[in-house]
Every structure is written in C-alpha cells, then in structure tokens.
Amino acid sequence: MAIARDLATLRREVAALRRRAGSVALVPTMGALHPGHLSLIALARQAAGAVVASIFVNPLQFGPAEDLSRYPRDEAGDLAALRDAGCDLAWLPTPEAMYPPGSATTVEVAGLSDPWEGVQRPGHFRGVATVCAKLFLQTGADVAVFGEKDWQQLAVIRRMVRDLDLPIRILPGPTVREADGLAMSSRNRFLSPAERAAAALLPATLQELAAGLRSGAPAAPRIGAAEARLRQGGLLPDYLALIEGETLQPLEAAPGDGSARLLVAARLGTVRLLDNLAV
Ligand code: PAF
C-alpha cells in the first residue's frame, strides 16, 4: 500500500493506480478505523479496480466546543488495518495541505444541512461538504463510499454531487453493528463499561419503533413514548424523528414504501450516539 502525505504524491500515485487498475474508489475517513470502515473498503474493492482511503480529522467540521483535540487518532493501527483490507493508497494530508493559509472557499448545501445534526452542530455540514468536495477533486475518484450510519451526511453529499455535477458516484454502505445492535462508531470507545451496556437501548428502541410505525400508525405518540424510554435508560435524545429519507423532512406517518427513515441522536455521558433505520 502506498502512502501519500502531499498533493503531488497523491496525484502521482492515483495516476499510476488508474493506469494499472482502470477505475478508482475513495473511502473518506477520519481514522480510528473499526470494522464499519473496513466494510466500506470491501465495498470499494468491489466497485472499482483500485481503492484509496483518506484519513483526515477535518477541523472544519468540528465546532469550537467540540471534541477535535480528543478525537481518537491511531495512524499506525489504521495503516495496518487498511493494508490488511487490501487498500491500495492511503491519503493522509496535513491540515496545512488540506487548508493552506488563506483558504477562503467552502461548500454549503443549503436546506439539507440545516435540520437535525445541523441544529446541534451549526456549520458541521459545511465542513463535511467542503472537505469531501476537496477529497473528490484531489483524488479524481470514480466512486466514493459512505456509511449509511451518518444518514444526513450521506444525503448532503449526494445533493452536493448532484448540484455541482461532480463526476463521481456515491455508493452507500450498510451500517455495521455490534452483537447487541449498537452501530459501530469511532466514538464508542469513549463509553464507560456501564454506558456501553446502556447504549444497546438505542438500537433496540429504534427497532421496536420502526416495527410499530410500519403499519402507517401516527408517529408522534410512539416517538414520544420511545423518547421517554430512552430517558429512563439514561440516554438523552437530541432528536428522534420519522423523516423522508431523501429530503429529511419530518413525516407524520410512514408511507409504507420503505422511503421513510427513523433518525436519532442521543447523548450518553460525553458521547453522542447517532443511528437511523429504514421504515
Ligand atoms: O464520516 C466521516 O468520517 C467524516 O465526516 C468524513 C466523511 C470523512 C469527512 O470528514
């Protein structure tokens, strides 16, 4: 596996991969890789001849009071995991390489960036869209793979690609879960053993709620009951909503064609857990 830490090396290595393998898939990550990320690498390997993974803890998507400095970092472990997963090239830009002094351009996906995570983390999706646009242009990848776990992020990236006619296909990867249903996340490592046990209530509540809403029952009372159940279990929901999967608009009931999605974020100690489920 080749490693690029500057743009000139990246472009040279990608050109060589393209000559050798024809097409290139990108898996953007912030490192601290877990089996969920590795499942995206496996999808990328099926989708293209060569795979590039980026590792960049993107300062632009963290708010001033957020956990940028304590975001988990394990470069040696990540590179070993990428090598084992069959990644061809790791792109590890420095913050200065990604945002040279004087950088003034950002990408804003209006509307889709505003609700849900956008309320909790103002500016977050501007940071995500900007870095993803740059990663797409830097690598020139044909396809990029994103986990469904961050559903709103996936919707924002899809809309950005459509609106800007970016020549890249977005491929979603299913959420990978622990044995008790908890969606894998780099931040799960910050849960204490007691919090980790309590966290299983989140996917269980989502499953039960989704089952109850599939018949088209009114969402509001069931969502209220589910939020109360989460609170009793020590989880503080920031939001729990039934939404249309593409527009992210709230729904009063599921239309029953699989287009609706339950979207949740809840706090447990210092960790925010995000999850979603098709209804
Ligand atoms: O999902 C993530 O890890 C990040 O938001 C991403 C897509 C790598 C952009 O920094």
Side-chain angles (χ1 to χ4, degrees), residues 4 10 25-41 43-44 51-63 66-75 77-79 81-82 85 87 89-99 103 105-109 112-113 116-118 120-139 141 143-161 164 166 168-176 183-190 263 265 271-276:
L10 175 78
L26 169 70
V27 181
T29 84
M30 297 208 299
L33 303 181
H34 51 68
H37 292 112
L38 302 181
S39 75
L40 303 181
I41 301 281
L43 264 181
V51 176
V52 180
S54 60
I55 299 178
F56 181 63
V57 183
N58 174 30
L60 215 59
Q61 68 187 73
F62 287 78
E66 290 182 12
D67 58 351
L68 174 63
S69 61
R70 80 161 199 157
Y71 196 84
R73 288 164 171 89
D74 175 15
E75 185 181 302
D78 288 346
L79 290 176
L82 288 177
C87 178
L89 171 60
W91 169 218
L92 279 71
T94 59
E96 296 73 30
M98 187 60 84
Y99 302 116
S103 283
T105 306
T106 55
V107 179
E108 182 101 37
V109 182
L112 285 183
S113 299
W116 317 124
E117 279 305 283
Q120 304 298 322
R121 307 182 68 186
H124 170 66
F125 288 117
R126 184 187 314 122
V128 171
T130 301
V131 81
C132 288
K134 293 197 69 157
L135 289 167
F136 296 169
L137 294 167
Q138 290 166 345
T139 59
V143 50
V145 189
F146 286 84
E148 286 183 345
K149 177 182 166 282
D150 295 304
W151 186 262
Q152 187 173 5
Q153 169 171 282
L154 179 60
V156 166
I157 296 298
R158 279 175 155 151
R159 183 67 62 86
M160 174 183 79
V161 165
L164 297 182
L166 297 178
I168 192 164
R169 182 165 66 91
I170 302 301
L171 184 63
T175 301
V176 178
M184 288 193 182
S185 162
S186 303
R187 290 180 171 99
N188 289 353
R189 67 189 68 190
F190 294 129
L263 200 65
V271 180
R272 287 183 79 239
L273 303 173
L274 268 61
D275 206 343
N276 66 88

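Counting convention: from 1, in listed order, for ligands and their atoms alike. Just so it is clear, the values below take in all heavy atoms, side chains as well, and ignore hydrogens, waters and symmetry mates.
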**Q** For ligand 1, is there an N or O atom under 3.5 Å from any N or O atom of Gln61?
**A** yes
**Q** Check whether any N or O atom of Asn58, backbone or side chain, sits under 3.5 Å from an N or O atom of ligand 1, and answer yes or no.
**A**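 No: no nitrogen or oxygen of Asn58 is under 3.5 Å from one in ligand 1.
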**Q** For Ala133, what residues pass the side chain to side chain contact (heavy atoms under 4.5 Å, CB included) criterion, not counting sequence neighbours?
**A**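 With neighbours one apart ignored, the set is Val107, Met160.
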**Q** Which heavy atom in Leu43 sits nearest to a heavy atom in Leu171, and how many Å separate them?
**A** O-CD2, 4.3 Å
**Q** Under 4.0 Å from a heavy atom of Val131: give me the atoms of ligand 1 that qualify, with their elements.
**A**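 Taking each heavy atom of Val131 in turn, ligand 1 has 9 (C), 10 (O) under 4.0 Å.
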**Q** Testing the basics here: between Thr130 and Thr105, what is the closest heavy-atom pair and its distance to 0.1 Å?
**A**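 Scanning both residues completely, I find the closest heavy atoms to be CG2-O, 3.8 Å.
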**Q** In the protein, what heavy atom is nearest to atom 3 (O) of ligand 1, and what distance, to one decimal place, separates them?
**A**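 Of every protein heavy atom, Met30 CG, 3.6 Å lies nearest to atom 3 (O) of ligand 1.
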**Q** With heavy atoms only and a cut-off of under 4.0 Å, state how Thr29 meets ligand 1: side chain, backbone, both or neither.
**A**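 It is the backbone that gets close, since no side chain atom is under 4.0 Å.
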**Q** Which ligand 1 atoms, with their elements, are less than 4.0 angstrom from a heavy-atom of Phe146?
**A** 7 (C)
**Q** Is the shortest side-chain heavy-atom distance between Trp91 and Phe56 below 4.5 Å?
**A**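 No, too far: nothing below the 4.5 Å cut-off.
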**Q** Which ligand 1 atoms, with their elements, are less than 4.0 angstrom from a heavy-atom of Pro28?
**A** 8 (C)
**Q** List the residues meeting side chain to side chain contact (heavy atoms under 4.5 Å, CB included) with Ala81, not counting sequence neighbours, and say none if there are none.
**A** Leu38
**Q** Output yes when Asp67 and Arg187 qualify as a salt bridge under the 4.0 Å nitrogen-oxygen rule, no when they do not.
**A** yes
**Q** Look at atom 7 (C) of ligand 1 and say which protein heavy atom is nearest, naming residue and atom and giving the distance to 0.1 Å.
**A** Gln153 NE2, 3.5 Å
